Colleague: 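Before anything else, here's the structure in question.
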Amino acid sequence: MTTPLGTVPTARAGAPEHPDSSPHGYAAGLLVLRLVIGLTMAAHGAQKLFGWFDGPGLDGTGQFFTMSGYPAGHTMAVVAGLSEVLGGLGLAVGLFTPLAAAAVVGTMINALAVKWGGGFFAPKGVEYELLLTFGAAALALTGPGRYALDRWVPVLRSHRLRYGALALILGVVLAGIVLLVRN
């Protein structure tokens with residue numbers, strides 16, 4: 001097949017851009033990323049809500065929120081814990097992925113605000129929080145991949161960048177509102 005002079009050849013519809021690319025490879029990579037970020041966040045939220053994994057539970061987390069300048073520390077502990085558990089589990093199974101990622105991003109923005117100023121590296125740094133925040137944001141923008149429950153949700157069956165972007169905007173705005181009520 002020859003291409004007329006001055007035109008750019010186009011790939012066949014549905015053909016991979018590169019012969020070595022694999023949609024299953026991308027889907028498997030997204031699954032691994034979703035599982036690691038999602039289960040990490042769910043476990044972190046379980047520490048807050050239930051005291052699992054040597055966590056402080058609601059009372060200890062509520063006291064921490066109060067000491068960090070948030071009003072109604074116990075309520076904020078419930079909101080943060082639920083956001084982390086539900087957002088994390090949503091990411092892990094790939095259900096309502098844009099909203100699950102936004103919940104994680106919003107929670108982690110607040111964690112960054114509390115912890116900011118201690119440098120980049122542990123133990124007082126923010127590299128862990130930044131990794132979780134941007135990993136979740138990447139999942140909101142890319143979608144969950146083909147190994148996800150979103151494949152059975154009609155609106156989310158075919159991921160759209162705008163869904164991820166709108167969800168992230170929602171997460172950032174809500175995180176900002178929570179930060180505004182912080183002393």
Side-chain angles (χ1 to χ4, degrees), residues 1 8-50 52-53 55 58 61 76-112 126-179:
M1 172 177 169
V8 178
T10 58
R12 287 183 294 128
E17 291 181 21
H18 188 274
D20 292 333
S21 67
S22 164
H24 293 287
Y26 296 133
L30 289 170
L31 173 63
V32 169
L33 184 61
R34 282 193 354 255
L35 286 172
V36 169
I37 291 175
L39 294 176
T40 298
M41 288 306 301
H44 196 67
Q47 287 182 304
K48 286 179 175 65
L49 290 177
F50 312 117
W52 296 353
F53 314 113
L58 281 176
T61 304
M76 295 305 293
V78 171
V79 170
L82 286 174
S83 296
E84 291 176 2
V85 168
L86 297 176
L89 292 176
L91 282 179
V93 300
L95 183 61
F96 303 118
T97 303
L99 291 175
V104 169
V105 167
T107 303
M108 296 313 297
I109 287 172
N110 275 269
L112 284 162
V126 295
E127 81 276 11
Y128 172 71
E129 291 82 2
L130 283 172
L131 182 65
L132 292 170
T133 304
F134 284 97
L139 287 168
L141 297 173
T142 62
R146 66 174 55 199
Y147 308 132
L149 294 180
D150 278 350
R151 288 183 58 111
W152 287 278
V153 177
V155 173
L156 298 174
R157 184 173 294 138
S158 176
H159 180 74
R160 302 281 188 263
L161 175 62
R162 72 174 169 252
Y163 298 160
L166 288 173
L168 288 176
I169 290 169
L170 176 66
V172 169
V173 166
L174 290 175
I177 291 169
V178 171
L179 285 173

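A quick note: this is a predicted structure, and the numbers were derived from the prediction, not measured.
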Colleague: Side chains of Leu174 and Val178: closer than 4.5 Å at any heavy-atom pair?
Modeller: no
Colleague: Taking atom CG of Leu179 and atom CD1 of Ile109, what is their separation to the nearest 0.5 Å?
Modeller: 8.0 Å
Colleague: Is there side-chain contact between His44 and Phe53, with at least one heavy-atom pair below 4.5 Å?
Modeller: no
Colleague: Search all heavy atoms of Leu39 against all heavy atoms of Ala92 and return the closest pair with its distance.
Modeller: CD2-CB, 3.9 Å
Colleague: Donor-acceptor check, side chain of Arg34 to backbone of Pro144, threshold 3.5 angstrom: yes or no?
Modeller: yes
Colleague: If you take all heavy atoms of Ala140 and Ala101, which pair is closest and at what distance?
Modeller: CB-CB, 3.6 Å
Colleague: So which atom in Leu58 and which in Leu49 form the shortest heavy-atom distance, rounded to 0.1 Å?
Modeller: CG-O, 3.6 Å
Colleague: Looking at NE2 of His24 and CG of Leu31, how far apart are the two atoms once the value is rounded to the nearest 0.5 Å?
Modeller: 13.0 Å
Colleague: What are the two closest non-hydrogen atoms of Leu168 and Ala102, and how far apart are they?
Modeller: N-CB, 4.4 Å
Colleague: Rounded to the nearest 0.5 Å, what's the gap from CG on Leu86 to OG1 on Thr107? Could you check?
Modeller: 10.0 Å
Colleague: Would you say that Met41 contacts Met108 through its side chain, given a criterion of any heavy-atom pair below 4.5 Å between the two side chains?
Modeller: yes
Colleague: Counting N and O atoms only, with roles assigned by atom type, does the side chain of Arg151 sit under 3.5 Å from a partner on the main chain of Gly94, one being a donor and the other an acceptor?
Modeller: no
Colleague: With rounding to the nearest 0.5 angstrom, report the CG to CD distance, Leu89 to Glu84.
Modeller: 11.5 Å
Colleague: Do Tyr163 and Asp150 have side chains that approach each other closer than 4.5 Å (heavy atoms only, starting at C-beta)?
Modeller: no
Colleague: How many angstroms lie between atom CG of Leu91 and atom CG of Leu30, to the nearest 0.5 angstrom?
Modeller: 11.5 Å
Colleague: Give the minimum heavy-atom separation between Ala103 and Gly87, together with the two atoms involved.
Modeller: CB-CA, 4.2 Å
Colleague: Which heavy atom of Ala136 sits nearest a heavy atom of Val105, and at what distance?
Modeller: CB-CG2, 3.9 Å
